[in-house]
Structures are given as C-alpha cells and as structure tokens.
Novice: 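Got a structure here, written out as structure tokens. Questions coming.
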Amino acid sequence: MSRWLSKLNPEQKQAVKTTSGPLLVLAGAGSGKTRVITHRVAFLMEQGVRGEEILGLTFTNKAAEEMRARLRKMVGPASANPVTLSTFHSLGLMMLRGGGTSGKESRFAIFDTGDQLGVLRELVTRLNLGRNFDLSSILTRISAMKNSFIAPGDEPASDDPYDEATALLYPRYIEQLSAYAAYDFDDLVCEPCRRLEQDAAWREHWQQRFRYVLVDEYQDTNDAQLRFLKALVGKERNICVVGDDDQSIYGWRGAQVRNILQFEKDFPGATKVYLMRNYRSVGSVLELANTVISENPDRHPKQLLPTRELGRRVRLMVAPDGEAEAQWVAREIQGAVSSGRHRQGDIAVLYRSNILARGLEGDLREQGIAYRVLGGQAFYESREVKDLLGYLRLLANPADEISLRRVINSPSRGIGPKTVQRLAQWAEDHQRSLFQTAQAAEEALDDDGRAIRAVDGFTSLIEQTRRGLGKGQLAEGLRGLVQRLGLIEEIERTSTSSKALDRRLGGVAAFIASVEAFERRNPGATLRDFLSRIALSGADEGEGDKGDVVTLCTLHGAKGLEWPLVFLIGLEEGFLPHDRTMNPQENDLYSGDIAEERRLLYVGITRARDELVLSRATERLTRGRLQPRTPSRFFDTVDETSFELDDLTAVPDEGQMADMMANLRAMLGGG
DNA sequence: CGGGGTACTTTTTTT
DNA sequence: AAGTACCCCG
C-alpha cells in the first residue's frame with residue numbers, strides 16, 4: 001500500500017481511495033484539495049491505471065500547470081507527463097483539432113471577446129438596428145444560448161429589447177464565425193460535447209481514452225460543461241469532482257452552483273466526502289470566514305474546522321480616503337518586510353475591482369517594494385500589441401476578416417473605410433474572401449490607382465511576413481514584421497509623452513519576449529499553436545515573473561492561492577457587494593446575486609495563512625469626485641471587538657498636521 | 001484620407 | 001481623470 005496515504009487524514013484518504021464510480025468531494029478552503037487530487041492520481045497509477053487514461057480538468061491553465069508540477073514531484077516526470085491536465089477549453093481545442101485521430105478540421109481560429117464584439121459590430125452596422133445596443137451584453141446572451149444548447153429560432157419568447165436583438169443577431173453571428181473559420185470560447189466546449197453526443201465512434205474513442213475523469217473547482221462549471229462531462233464519462237462513470245459551493249464566484253459567466261449541489265442527482269449512486277479540516281489559516285481568520293459565510297442561504301451547511309492556533313487577531317483599518325488607505329497599506333507592507341516578519345513574496349493585496357490597484361502601485365514603488373499585478377493583462381491589451389496579434393492571426397488564418405479589418409490600415413497606409421467598403425462589396429459580389437479580394441485589388445478597385453497601390457502594399461507586406469514566419473522562427477518573423485511596419489518609428493512619432501512612449505515600446509518588447517519564451521518552451525511550435533495559447537491563457541509574462549514580490553490581484557484572481565499575510569482593501573458598499581450587483585443595468589443578464597459577492601469575500605478571507613488585514617475608506621475619489629463610502633454590509637453581523645481596530649480617521653491627516661504646524665509657527669513667530 | 005480637437009462616459013469579475 | 005468616439009477641416 002502506498003507510502004503517501006499515511007500522511008492523509010481519514011476523509012482525504014477516503015477521497016483518494018474511492019476510485020470507482022462517481023465521487024463528490026466537498027473541499028473547504030485550505031482543506032488540502034490539491035493534495036487529494038494529486039494523491040488520487042498517483043494512487044490510480046499505483047493501482048495500474050495508465051497515465052494516459054487519466055484526465056484532470058481545471059479552470060485556468062495556471063492551475064493545470066501547478067497540478068502537473070505537484071504531480072511530477074510526487075511520481076516523477078515520466079509518470080506525470082502522460083496524464084492529461086488541462087482546462088475544459090484546452091481539452092476541447094485538442095479534441096477538435098484531432099487529438100491524434102485525424103488532422104482534418106484543424107484550421108480554425110479562436111475568437112476572443114474582442115473578436116466576438118468585432119463580429120457583432122459588423123452585423124449591427126449592416127443590419128442598421130435602430131438603437132445603440134451594448135454589444136457585450138448581447139454577447140453574454142448569445143453565450144448563454146450556446147451553453148444551454150438553444151438553437152437560433154428556439155429562443156424563449158421575450159419582449160425585452162435585448163432579447164429581441166439577440167434573437168436577430170444570434171443566427172447571423174454563428175454564420176459569420178463559420179465564414180471566418182473561427183470558434184469562440186463556448187464552441188470549444190459545446191462543439192466537442194455535441195459531437196460526443198452524436199458520434200458514437202468518437203464518443204467511444206474518448207471514453208476509452210479517459211477512463212478516469214477528475215474535475216477541480218466543480219462549483220464553477222456551467223450547463224455545457226456538465227453536459228460535456230456526462231457525455232465524456234463512460235459506463236464505468238469514474239468521475240470525481242472536487243469543489244466548494246461557498247467558493248462559487250463565476251455565476252456572471254454562467255457557472256451553476258446547482259451543479260455541485262445536485263451532483264448526486266446528475267450522477268446517481270455518488271459517494272460524498274467532506275473535507276472540512278483547514279490546514280491553512282489560523283483560528284481568527286477561520287472564525288471570521290465562518291461567520292461571514294454562514295449568512296448565505298442555499299448552501300451545504302458546514303464549517304471550516306481549525307487545526308492551527310488562534311493566531312493574531314484580524315486587523316481592520318479605516319482610512320479617511322482611498323489615498324490614505326493605499327499609503328497605509330504600502331507602509332504596513334514595508335514595515336512587515338523590514339522587520340523581517342514577512343518576505344515580499346508572502347504578501348498579497350486583494351481587491352474587488354482592478355481600479356483599486358492603481359492607487360496602490362505608486363505608493364508601493366515609493367516604498368521600494370517589488371510587486372506584480374496578477375491578471376492585469378497590461379501589455380497584452382495595448383493597441384500596438386493587439387495590432388501585431390491581428391497581423392499574426394491574419395497570417396495564420398486569411399479567412400479571419402475581423403483581424404484583416406483591424407490591421408489593413410494600421411498603421412495608416414491610406415486604406416480608409418471607403419476603400420475597405422469597396423473591397424467588401426466586391427468580395428460579396430464575387431463570393432471571395434476579403435483577403436482574396438485585397439490580393440486582387442487591381443480588379444476590385446478598377447482604376448483607383450492610389451488605393452490599388454496602397455492595398456497592394458499591404459498584401460505584399462503580408463506575403464513577405466508569411467515567408468519569414470516558418471516553424472521555429474516566430475520571434476524572428478515577428479521582428480521582421482515590426483521592422484516592415486516601421487512600428488517603432490510610428491510609436492516614437494505619435495507618442496504624446498515620454499511615459500507613454502516607454503509604455504508602448506515596452507509593450508512591443510514584452511510581446512516579442514513572450515513569443516521568444518513560448519518558442520523556447522515549445523520548440524518547433526507553429527504560429528497557430530502560439531495563437532491558440534494566447535487566446536486561451538493570455539501572453540506569457542516572459543522574464544521578470546515570480547520571484548520574491550508582493551502580489552496584487554482581484555478576489556477572482558486570488559482563488560486557489562494563499563499567502564501568509566493578506567490585505568483585503570476597499571471593503572465598502574459599492575465594491576463589496578459591487579454596485580453593479582445591487583443596481584443592475586437594464587441590459588444585465590446575470591444580476592443581483594449578493595450571495596455571490598459574499599462568497600467572494602469568503603474566498604478573500606480564506607486566502608490568509610497567518611495574518612489578515614481588512615481596510616476601507618470613509619471617502620473615496622470616484623470619477624473626479626470625493627464621495628462618502630459606507631462599510632460593507634458583510635461585516636454587519638461580525639462582532640466589532642473581534643477586530644484589532646486601526647482608525648486613521650481619528651488622527652489628523654498630513655494636510656491637517658501641516659496646517660497645525662503652520663498655525664503653531666505663526667503663533668510663535670507673531671508672539 | 002488623416003489629424004487634431006471636443007464631448008462624453010466609464011470595468012466587476014475571465015476561460 | 002482619463003480614455004474613447006465622433007466630427008470637422010486641411
């Protein structure tokens with residue numbers, strides 16, 4: 001029997017050893033969930049299951065990588081590597097691209113949210129809808145339709161203007177995507193699911209391939225993912241799901257807590273295991289977590305059981321405004337580091353909205369504290385990088401009209417909307433793609449010499465770049481493209497400040513570096529491989545990642561992570577619960593789930609190992625105006641005396657102090 | 001067609 | 001406060 005099992009508690013052991021049939025593991029925060037998963041995989045292999053037969057599904061690529069790293073440590077790379085550990089989306093992509101069966105159908109692009117919006121924008125202008133719809137809201141609806149497998153035309157009747165617009169756009173959106181040879185994120189789950197259900201041979205193949213299925217963060221699955229799992233799991237029904245209903249925080253993108261609450265209905269005969277002993281946090285943190293979450297209705301009633309000492313009391317800091325809050329946090333971190341209590345890498349600052357990170361960054365720099373912002377996607381979102389990506393995507397998939405339109409006149413080369421319109425018209429009349437039309441500019445634009453020359457210049461630039469972008473020379477080809485575009489000069493010419501210049505040049509450099517890093521890690525990878533990777537998990541940070549630095553990230557981004565010292569900032573009504581939850585917009589599809597906001601706080605609290613610091617401000621600068629802020633309602637039921645209070649509003653701030661000093665000096669000087 | 005100016009609104013969270 | 005969208009003029 002395995003030497004590892006002795007290190008597990010009885011519940012963990014049961015979760016590891018129950019290998020056949022459906023198994024639901026309700027794993028509270030910090031209860032050793034990842035440990036159970038890796039042990040389970042190792043145990044399966046010890047029982048003679050081959051690594052190839054095991055599938056572990058996670059929600060982020062990072063989680064998948066981490067799991068693989070843990071598994072490698074346990075069983076060695078040779079045993080760990082054959083195990084499939086990936087996100088639903090990566091798995092779907094792999095299945096659609098052939099996954100070792102056939103190479104057919106593998107030439108498609110993946111459209112991210114920006115591309116999807118581009119498609120809708122095109123359609124909306126073409127259809128001339130009388131009203132200015134918020135397109136991302138329509139996108140949410142289309143996504144919901146797809147995930148519920150509702151075909152165009154089968155939408156439930158509704159007289160909501162957004163539902164009506166969606167009904168109109170939905171079928172055309174699907175058409176467009178197929179015309180562009182593109183899949184969106186939802187397709188990556190729904191399409192394989194459909195095929196599993198309809199194609200018996202295919203289903204058989206995948207069921208035999210993955211005889212043991214394991215799903216992490218099960219509370220975040222949506223309808224389509226559940227359906228996918230039902231179709232994927234074979235007669236043996238060896239499916240193990242791990243999750244925590246109290247940590248379900250993705251309802252706004254269709255996640256169904258219901259899935260974890262009803263697992264035993266979806267997979268009858270399931271075994272259920274509770275992991276409630278918390279090995280992560282000190283008692284004071286768990287007390288607060290239990291108190292906060294116990295107010296929520298509709299949950300598996302349960303409590304985290306402490307295994308550690310009570311620890312330091314949770315601190316609560318009240319600041320007069322956002323700036324004071326940020327400054328205080330930065331100084332507090334500086335103090336914790338310089339006193340040797342914590343290393344920078346042991347510390348995280350968590351917040352509900354990204355905007356809260358902005359103020360903090362300056363103060364941290366001032367204190368000489370190294371930090372990283374998780375999920376900030378900063379460089380990858382800049383215009384230059386998006387354009388470069390557009391070129392790469394056009395090169396990988398000439399049918400990708402969205403990318404073509406994006407880059408055809410960027411940087412400006414004299415191809416304005418009118419010329420593009422003429423090309424598009426000709427393309428439609430002659431049933432050609434827009435790119436093919438551009439290649440035949442002379443025909444399509446009859447005698448407009450200037451436009452023809454401009455478009456020819458563009459297509460030959462694409463052709464030249466294509467030649468430079470073979471296997472194993474992606475970064476090289478990208479550099480060539482940057483050169484040919486004169487992008488560096490363009491940025492130098494158009495930047496309004498030296499700060500903006502640095503940022504933009506830095507973005508381009510970081511992008512090239514990320515391509516290099518990708519190539520180094522995946523020798524012989526193609527352009528398409530790189531683009532899929534980017535679409536599914538964002539760009540690699542290249543160098544400078546990790547290390548001993550403070551982490552800044554959103555509560556969503558913090559899930560699954562932990563730090564010895566955690567700051568939760570901006571604990572005010574409007575942030576937590578977020579304003580948008582309490583006052584939904586007319587066009588919000590998912591709204592009003594205050595319970596989810598509370599779970600978000602619960603997730604934040606349970607990230608802390610040793611010390612937790614909460615903070616809020618009584619006033620805050622929003623949209624240029626100073627507005628009063630009230631404390632988050634989520635602490636209403638918490639006994640104030642359980643906190644170690646630090647009230648900065650009771651102390652004169654620096655401005656007041658300066659005034660007082662000035663008065664004092666005036667008195668002394670005058671007297 | 002491109003650049004510069006003005007008016008307006010905004011991200012909550014992400015595969 | 002800042003970034004974007006739109007409009008007008010060269």
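Convention: sequence-line order gives letters A, B, ...; per-chain numbering from 1.
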Novice: Using heavy-atom distances to pick each residue's nearest nucleotide on DNA chain B, tell me which of A:Asp186 and A:Arg450 is more 5'.
Specialist: A:Arg450
Novice: So which protein nitrogen or oxygen atoms get under 3.5 Å of nucleotides 2-9 of chain B's nitrogens or oxygens?
Specialist:
residue	atom	partner	partner atom	Å
B:dG2	OP1	A:Gly414	N	2.6
B:dG2	OP2	A:Asn409	ND2	3.1

Novice: Round to the nearest Å and state the distance from A:Ile534 atom CD1 to B:dT15 atom P.
Specialist: 13 Å
Novice: Output the rounded distance in Å from CZ (A:Arg121) to P (C:dC6).
Specialist: 10 Å
Novice: With the criterion set at under 5.5 Å between ring centres and under 30 degrees between planes, would B:dT12 be stacked on A:His578?
Specialist: yes
Novice: Please tell me which of the listed nucleotides, B:dT15, B:dT12, B:dC1, lies nearest to the side chain of A:Lys418?
Specialist: B:dC1
Novice: Heavy-atom count check: over 12 atoms from other residues, nucleotides or ligands less than 6.0 Å from A:Ile355 CD1?
Specialist: no
Novice: Whether A:Thr113 contacts B:dT14 is assessed here as follows: a side-chain N or O lying under 4.0 Å from the phosphate OP1 or OP2. Is that the case?
Specialist: no
Novice: Taking CD1 from A:Ile142 and P from B:dT15, how many angstroms apart are they, rounded to a whole number?
Specialist: 21 Å
Novice: Under the rule for salt bridge (charged side-chain N to carboxylate O under 4.0 Å, His left out), what residues qualify as partners of A:Asp115, not counting sequence neighbours?
Specialist: A:Arg393
Novice: Using the side-chain hydrogen bond (donor to acceptor under 3.5 Å, both in side chains) definition, which of the options A:Arg633, A:Arg616, A:Arg620 pairs with A:Glu572?
Specialist: A:Arg620
Novice: How close or far is atom P of B:dT15 from atom CG of A:Leu374, stated in whole angstroms?
Specialist: 11 Å
Novice: Please tell me which of the listed nucleotides, B:dT12, B:dT15, B:dT14, lies nearest to the side chain of A:His89?
Specialist: B:dT15
Novice: Looking at residues at least two apart in the chain, or sitting in another chain, which of them share a side chain to side chain contact (heavy atoms under 4.5 Å, CB included) with A:Ala438?
Specialist: A:Val455, A:Thr459
Novice: Rounded off to whole Å, could you give me the CG-to-P distance for the A:Asp220 and B:dT14 pair?
Specialist: 12 Å
Novice: How long is the line joining CG of A:Leu621 and P of C:dA1, in whole Å?
Specialist: 7 Å
Novice: Pick one: which of A:Asp223, A:Asp186, A:Asp184 meets salt bridge (Lys or Arg N to Asp or Glu O under 4.0 Å) with A:Lys146?
Specialist: A:Asp184
Novice: Starting at atom CG of A:Asn354, determine the distance to atom P of C:dA2, rounded to an integer number of angstrom.
Specialist: 18 Å
Novice: Show the nearest heavy-atom pair for residues A:Asp400 and A:Phe111, with the distance to one decimal.
Specialist: OD1-CZ, 3.4 Å
Novice: Would you mind classifying the nucleic acid contact of A:Phe59 as base, sugar-phosphate or nothing, using non-hydrogen atoms under 4.0 angstrom?
Specialist: sugar-phosphate
Novice: Could you check whether A:Phe88 and A:Phe59 have their ring centres less than 6.0 Å apart?
Specialist: yes
Novice: What is the distance from NZ of A:Lys62 to P of B:dT15, rounded to the nearest Å?
Specialist: 10 Å
